[in-house]
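For reference, positions follow the sequence shown, starting with 1.
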Amino acid sequence: MFAVYNTKIGKIKITYEDNIITGINLAEHERDNGTKNDLTDNVCLQLQEYLEGKRKKFDIPIKLYGTEFQKKVWNELLKIPYGKTVSYEEIAKRIGKPKACRAVGMANHNNPLLIVVPCHRVINKNKKLGGYALGLDIKRMLLEMERKYASN
């Protein structure tokens, strides 16, 4: 099941099963709005609060589907504090695979829960942004917004 919402960063698609969120992705070309419910409305509200700098942590039930490696990466991303960044190399080291920087990048690329699993907080070790599914302009905007509100 899914629901589509308009947000500050464009149309997003929230995928869910039962009462658990399994995906948050861009939905530019989605024509169907799916089925909205209290859970998806709450996720959208929390995303809006985050995008306005009013929320630093998400309080939604999530389930991550992927390979064991991907899930290790995504769970490590959940530990990155609001307003901070780490390198792909650092994530690789933290999960015990210090040479797997590119694989970490691919896991980020396949992150099913954009923003909630904060792959936007991962940058190249030379401090360049790297890629982002929503585009580098949005990645830059999210990081700048987090830095601005991190001390509040």
Separation between CE of Met1 and CG of Asp18, rounded to the nearest 0.5 Å: 10.0 Å

Results of side chain to side chain donor-acceptor pair (under 3.5 Å) for Glu30 - residues two or more places apart only: Lys13

Gap separating the CG atom of Asn126 from the CG atom of Leu129, nearest 0.5 angstrom: 10.0 Å

Test item: Asn110 side-chain N/O and Met106 main-chain N/O as donor-acceptor pair under 3.5 Å: yes

N-O pairing of Lys71 and Glu68 below 4.0 Å: yes

Parallel, tilted or perpendicular: ring planes of His120 versus Tyr132, cut at 30 and 60 degrees: perpendicular

Gap between atom CG of Asn33 and atom CG of Asn6 - 0.5 Å precision: 7.5 Å

Lys36 to Tyr5 six-membered ring, cation-pi geometry met (6.0 Å, 45°): yes

Residues which pass side chain to side chain donor-acceptor pair (under 3.5 Å) with Lys54, listed by chain and number, not counting sequence neighbours: Glu52

Nearest non-hydrogen partners of Arg147 and Gly83, listed with the distance: CG-O, 4.0 Å

NZ/NE/NH1/NH2 to OD/OE distance under 4.0 Å, Arg121 and Glu146: yes

Ile80 versus Val86, closest heavy-atom pair with distance: CD1-CG2, 3.5 Å

Pair Leu47-Leu45, side-chain contact (heavy atoms from CB on, under 4.5 Å): steps then yes or no: CA-CA 5 Å; Leu47 284 168; Leu45 174 65; over 6 Å; no

